[in-house]
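Scroll down for the structure; my scribbles are underneath it.
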2 protein chains.
Amino acid sequence: MDDESAPRKGTVTQRAVERIKAMIGEGRLEPGQRLPTERDLATQLGISRSSVREAIRALTVMGLLEARHGSGIYVTRLEAGDLLESFGVVADLSRGPQLVELLEIRRVLESTATALAAARITSDQLAEVEKHLAAMNATDDPEEVLAHDLAFHREIAVAAGNETMAAILEGLSSRTFRARVWRGYREEGAFARTRREHAAIHRALAARDPEAARAAAAAHVGEVEEWLRAQLGP
Amino acid sequence: MDDESAPRKGTVTQRAVERIKAMIGEGRLEPGQRLPTERDLATQLGISRSSVREAIRALTVMGLLEARHGSGIYVTRLEAGDLLESFGVVADLSRGPQLVELLEIRRVLESTATALAAARITSDQLAEVEKHLAAMNATDDPEEVLAHDLAFHREIAVAAGNETMAAILEGLSSRTFRARVWRGYREEGAFARTRREHAAIHRALAARDPEAARAAAAAHVGEVEEWLRAQLGP
DNA sequence: CGAGCGGGGTGGTCGGACCACTACGGGTCG
DNA sequence: CGACCCGTAGTGGTCCGACCACCCCGCTCG
């Protein structure tokens with residue numbers, strides 16, 4: 001005796017996923033709100049706890065829910081960062097030509113974000129960018145350089161004012177992704193060139209020059225892109 | 001007595017996810033390959049079948065695995081379409097300002113893709129685009145118009161030659177997403193304008209003019225973007 | 001009044017049973 | 001001889017009940 005006429009399509013778990021997703025989509029479940037117990041959900045949906053758990057697992061991976069051991073299940077803030085967290089696996093698992101495609105996308109988005117940032121960045125944010133730029137140039141530890149490199153671009157993406165774009169770029173620049181590509185790249189004397197490119201980006205930001213910023217960012221990513229393309233060619 | 005030193009961090013299921021993901025990342029599991037049965041995997045990983053199932057569910061949502069009832073579990077082709085399938089939920093669940101951000105991203109990517117398509121599109125692909133353009137203008141059924149509209153842009157994205165970008169745009173144009181935004185948009189006499197914009201895009205493609213194509217696509221998405229921004233403002 | 005310590009409730013894991021479906025092969029019929 | 005049908009073994013899908021690990025909150029005791 002269900003409260004609703006149960007759709008007969010798909011597996012039980014899939015139906016549960018759709019129903020919970022719909023509840024969130026319709027606003028019946030607010031961000032941050034706590035869901036009923038797994039056991040209660042099982043009763044309400046008329047399915048077993050195992051199936052409920054799989055549905056929750058699926059929604060957790062999608063970034064809609066968050067399970068806290070011993071506490072309960074909660075709806076995430078539903079912000080870009082939450083929903084695009086799993087986007088990074090694409091970058092981590094892509095290979096060959098697909099890596100070039102990803103860099104092409106990153107070039108487009110990164111140049112746009114940098115241009116927007118040039119027009120909107122605040123003094124505080126600019127200071128933060130400069131901090132990472134200096135730290136990047138002050139050390140030779142590849143790990144630390146990479147960390148500040150990531151932070152450098154992340155700060156710029158945030159300054160662009162489009163959180164969703166920043167989240168996507170975050171995924172496209174995930175640690176393992178860049179580590180994989182740059183391992184070979186950096187060994188070809190690209191270190192100095194990278195510094196110059198970063199300096200150029202910073203200069204354009206400080207000058208509040210969107211066009212220069214767009215060009216500098218596109219060139220920066222384009223360098224890596226071209227190198228990768230050459231690696232795959234022959 | 002495990003075969004490997006088991007990392008002690010995180011839940012059992014999460015560890016299983018990481019291990020299987022790593023196997024795929026390292027190439028030990030090829031695309032299309034069949035995995036051991038859930039029962040065997042449980043034994044090999046030293047965990048219960050329930051946990052294995054949750055791990056598989058997670059990897060399925062990520063687009064890495066595909067479970068076929070009665071047959072087995074298989075690695076997907078690992079192409080952009082598989083991995084970005086769940087990307088659409090972002091578009092379906094975003095609201096308010098986040099919708100504008102998504103349209104901003106779509107404008108950037110769509111204009112780039114259309115420009116690339118103008119340079120690379122084949123005669124066959126162009127004919128396909130024209131087919132959807134004609135079909136779109138030949139009917140008044142909103143459902144059918146929307147379907148051909150989607151196909152129109154999808155064909156262009158494919159012609160751009162970047163499958164990953166096409167997959168992202170596919171998610172950014174998901175059926176429910178556009179239906180939600182356009183419900184109001186279309187009612188404001190935007191129907192005719194949309195036709196003109198589509199015609200302009202097609203003209204630029206036929207003329208193999210990337211710059212014109214970029215501008216037409218940017219204007220097309222920008223129209224909706226501005227309308228949505230205005231809706232949210234006051 | 002505060003720190004420590006429980007206990008109840010939550011998600012996490014486990015094992016085993018059964019169901020639904022697919023794939024494959026042997027048997028049958030034309 | 002070949003195409004078809006059907007049974008069966010094996011797979012993922014679902015369910016159940018038990019127990020574990022952890023968090024939160026209130027109670028107690030110093």
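Letters A, B, ... are given to chains in the order of the sequence lines, protein chains preceding strands, and every chain is numbered from 1.
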For A:I56 and C:dT10, give me the distance from atom CD1 to atom P, rounded to whole Å. 13 Å
Assign each of A:S71 and A:S51 to its nearest nucleotide of DNA chain D by heavy atoms, then name whichever residue's nucleotide is nearer the 5' end. A:S51
Would you mind reading off the distance between B:E54 atom CD and C:dG11 atom P, rounded to a whole angstrom? 12 Å
Starting at CD of B:E66 and ending at P of C:dT22, how long is that distance when rounded to a whole Å? 13 Å
Any side-chain N or O of A:T11 under 4.0 Å from OP1/OP2 of D:dT14? yes
Rounded to the nearest Å, what distance is computed from the CD1 atom of residue B:I73 to the P atom of nucleotide D:dG13? 7 Å
Length of the CZ-C1' vector between B:R49 and C:dC18, whole Å: 11 Å
What's the CZ-C1' distance between A:R15 and D:dG13, to the nearest Å? 12 Å
Compare the minimum distances between each of D:dT11, D:dT14, C:dC14 and the side chain of A:S48, then state the nucleotide with the smallest one. D:dT14
Is it the case that atom CD in B:E163 sees more than 12 heavy atoms from other parts of the structure closer than 6.0 Å? no
What is the nucleic acid contact for B:I47, judged by heavy atoms within less than 4.0 Å: base, sugar-phosphate only, or nothing? sugar-phosphate
Would you say B:R34 has more than 12 foreign heavy atoms packed within less than 6.0 Å of its CZ? yes
How long is the straight-line distance from CZ of B:F177 back to CZ of B:R106, given to the nearest 0.5 Å? 7.5 Å
Below 3.5 Å, does any donor atom in the side chain of B:R68 face an acceptor in the base of D:dG13, or the other way round? no
Using whole Å, what does the distance between atom P of nucleotide D:dC22 and atom NE2 of A:H69 come to? 6 Å
For B:Q14 and for B:R39, locate the closest nucleotide of DNA chain C by heavy-atom distance; then report the residue assigned to the nucleotide nearer the 5' terminus. B:Q14
A:E38 side-chain proximity, nearest of C:dT22, D:dT14, C:dG12: C:dG12
Between P on C:dG11 and CG on A:D40, what's the gap in Å once rounded to a whole number? 9 Å
Would you say A:H198 and A:H148 are linked by a side-chain donor-acceptor pair, where the criterion is simply a distance under 3.5 Å? no
Just checking, is any N or O donor in the side chain of B:E110 or B:H153 under 3.5 Å from an acceptor N or O on the other one? yes
Can you find a donor-acceptor pair, distance only, under 3.5 Å between B:R57 side chain and D:dG12 base? no
Tell me whether the side-chain N or O atoms of A:S50 pair up with the base of D:dC16 as donor and acceptor below 3.5 Å, since no angle test is needed here. yes
